[in-house]
Structures are given as structure tokens and as C-alpha cells.
Amino acid sequence: MATYDLEQQEQLDQVKHFWKQYGNLITWVLVLALGGYAAWTGYLYWQQKLSVGAGSLYEELDRAAGAGEVDKAAKVFADLKDSYGGTTFAEQGALLVAKVEAGRQKPELARASLQWLVDSGKNKDLVAIGRLRLAGLMLDAKQHDEALKVLSADMPEAYAALVADRRGDILFAQGKKDEAVKAYQQAWKALPATVEYRRFVEGKLTAAGQAPQPLQVPPAAGAGAAPSGMPPGLAPTN
């Protein structure tokens, strides 16, 4: 029994020694861990609250835009970007309110809304769309150099064709036909053949006297060759 008590005392002494040496460190680790968990939980709650508030304002903006109430839409958007400027709802709101403002013949307001998105937006896709639309409004206002500058920023590769097409419009308006044609050709080549917008770009090239040539596909082995000038696949059969 005395041996057992001695072993317990030795174990207790070891625990006391360990706690004396590492107790403070363990306490601080626990404090930091619990504090981090509390902070993360608070952050999630804040994000949820933020999302609900921003979503509610965006719905109000959407209703005002649908009704064509440009003044109300602009006011709601101002509240949205002031209170929830870092959210995707605010960035989408900029595109929506700019569309309404431009449609109601208020291009200055539309440019200001899109400029906010370009300057403050974090979603690369929404910012790219904002740049394209802002450049279009600047083109309408004959602010050609400013429009080209807006398009000169780095944008996702998925928008390269649309950027080239818009650049072609601006260059053509400046009287730089050759440069415009090159931009249109770049856009046409980058767009998949299945995309309807490609035919629109093709129409611009045709109007400029530079209609793109259709891809020539060689006839299958054993098939009759098409006469000169006839599209492949329409060779006469004997």
C-alpha cells in the first residue's frame, strides 16, 4: 500500500512539474484557440447578417429598376454601396442601376455607377462586364481615349473577344479603320462558331470590306472535287 501511495505521489509531482513548466503556454494556446473559434463564429454571423441586409436592398433595387423608377433605383443603390459596398450584391446593383440610368437617358449617372464598380469591385467577372459597358457609354459620348484606357486593364481571358470587339468599335469611330479591322478579326477568331454574336462581328468585318473567309475543308478521300469557287461538300455527283 505504501508503494502504491509513493507511485501516486511521484506521478502527482511529475504533473505539478509539467504544469509549472508548461502551464502558462497551454493556457495561452487554449485562450487563442477559443478566441479564434469565437472570432470565426462571430465572422460567420456577421457575414450572414451582411448577406441578408444586402440581399434585401438588392431586391428593392430590382423592383425599382423593373418599374423604371430611376431616381428610386439610384437612391437604393447609394444605400447599398454605402452600407454593403464590399458585397457581390452591391456590384450587381451597379450593373443594374447603370442599365436603368442609361435607358432613361441619364448616361452621366450610368457612367458614375459603372465607374464605382470598376474602381471598387472585387468580382473579376462583374468588373469586366462593368468595363465593357462603361467603354460603350464613353464611346457614345465620343470619349474615345478614355474608353480605350478602360479596356486596357487586365481582364479574364473569357472576355478577350468582347474586349477586342469593343476596341474595334472605338478605333473605327476614331477613323482608324485598319486597326479596327484587326481588332474585329481578333474578336471573330476568338469567338466559337456556335456563338451567335460571332455573326454580328462578321457583319462588321463585311461592312469594312474585310469579310472573313470560311474555313476550307478538304474533300473526303474518293469524293469528287468541288469546282473552283464552290463550297466543299457540294461537288457534283455522277
Side-chain angles (χ1 to χ4, degrees), residues 50 54 57-58 61-62 65 73-74 76-192 195-205 208 210 212:
L50 197 69
L57 276 178
Y58 183 81
L61 171 58
D62 188 42
V76 176
F77 174 63
D79 294 338
L80 181 59
K81 68 179 181 179
D82 289 344
S83 300
Y84 307 101
T87 65
T88 301
F89 282 115
E91 296 178 26
Q92 292 174 326
L95 294 174
L96 182 57
V97 74
K99 180 180 179 181
V100 177
E101 290 166 341
R104 292 290 178 173
Q105 305 303 315
K106 295 188 177 183
E108 298 85 0
L109 294 178
R111 288 198 297 270
S113 298
L114 292 172
Q115 189 66 58
W116 176 86
L117 172 58
V118 167
D119 294 338
S120 306
K122 298 177 182 178
N123 185 301
K124 293 182 179 180
D125 291 307
L126 295 178
V127 171
I129 295 171
R131 285 187 178 278
L132 286 166
R133 294 184 181 178
L134 179 58
L137 290 175
M138 289 178 168
L139 171 60
D140 293 340
K142 302 186 185 303
Q143 298 173 337
H144 302 138
D145 292 336
E146 293 87 340
L148 290 174
K149 185 177 180 181
V150 167
L151 295 177
S152 66
D154 290 335
M155 285 192 264
E157 184 62 27
Y159 297 89
L162 295 178
V163 171
D165 175 58
R166 184 55 49 86
R167 184 180 294 113
D169 293 340
I170 298 167
L171 291 169
F172 200 88
Q174 288 181 309
K176 300 176 181 179
K177 179 181 174 181
D178 292 341
E179 293 181 48
V181 166
K182 289 180 181 179
Y184 288 143
Q185 288 173 337
Q186 180 184 353
W188 187 82
K189 292 176 182 177
L191 288 168
V195 175
E196 186 67 23
Y197 193 79
R198 191 174 192 245
R199 298 177 62 182
F200 186 59
V201 178
E202 184 175 330
K204 295 180 183 180
L205 285 168
Q210 296 291 331

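Computed from a predicted model, the values in this text were never measured in an experiment.
Partner S113 forms a side-chain hydrogen bond (donor to acceptor under 3.5 Å, both in side chains) with one of R133, K81, E101 and no other, that one being E101.
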Salt bridge (Lys or Arg N to Asp or Glu O under 4.0 Å) between K204 and D165, intermediate numbers included: CA-CA 9 Å; K204 295 180 183 180; D165 175 58; 2.9 Å; yes

Step-by-step side-chain contact (heavy atoms from CB on, under 4.5 Å) determination, D79 to Y84: CA-CA 8 Å; D79 294 338; Y84 307 101; over 6 Å; no

Audit row: Y184, D169, side-chain hydrogen bond (donor to acceptor under 3.5 Å, both in side chains) steps and yes/no: CA-CA 8 Å; Y184 288 143; D169 293 340; 2.6 Å; yes

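The distance from the NZ atom of K122 to the OG1 atom of T87 is 9.0 Å, given to the nearest 0.5 Å. One distance of note links CG of L95 with CG of L134; it measures 11.0 Å at 0.5 Å rounding. The structure places CG of L162 at 9.5 Å from CE of M155, a figure rounded to the nearest 0.5 Å. If you take CD on E146 and CD on Q115, they are separated by 10.5 Å, rounding to the nearest 0.5 Å. The line from CH2 of W188 to CZ of R198 is 4.0 Å long, rounded to the nearest 0.5 Å. The NZ atom of K99 sits 12.5 Å away from atom CG of L114, with the distance rounded to the nearest 0.5 Å.
Heavy atoms only, all atoms of each residue included: L61 and G93 are closest at CD2-CA, 3.5 Å. Of all heavy-atom pairs between T88 and L126, the closest is CG2-CD1, 3.8 Å. In terms of heavy-atom proximity, A65 sits nearest to V100 at CB-CG2, 3.4 Å. Residues A180 and G168 come closest through the heavy atom pair CB-O, 3.4 Å. Here the shortest heavy-atom pairing between A110 and L137 reads CB-CD1, 3.7 Å.
In this structure, the side chain of E91 engages the main chain of N123 through a donor-acceptor pair within 3.5 Å. Counting only distance, with no hydrogens or angles, the side chain of R131 and the backbone of L151 share no donor-acceptor pair below 3.5 Å.
Comment: E196 engages R199 in a salt bridge, judged by a side-chain N to carboxylate O separation of less than 4.0 angstrom.
Ring pair F89/Y58 is tilted by interplanar angle, where 30° to 60° counts as tilted.
Counting heavy-atom neighbours within 6.0 Å of Y197 OH, excluding the residue itself, gives a total above 12. Few gaps surround CG on D119; more than 12 heavy atoms of other groups in view lie less than 6.0 Å from it.
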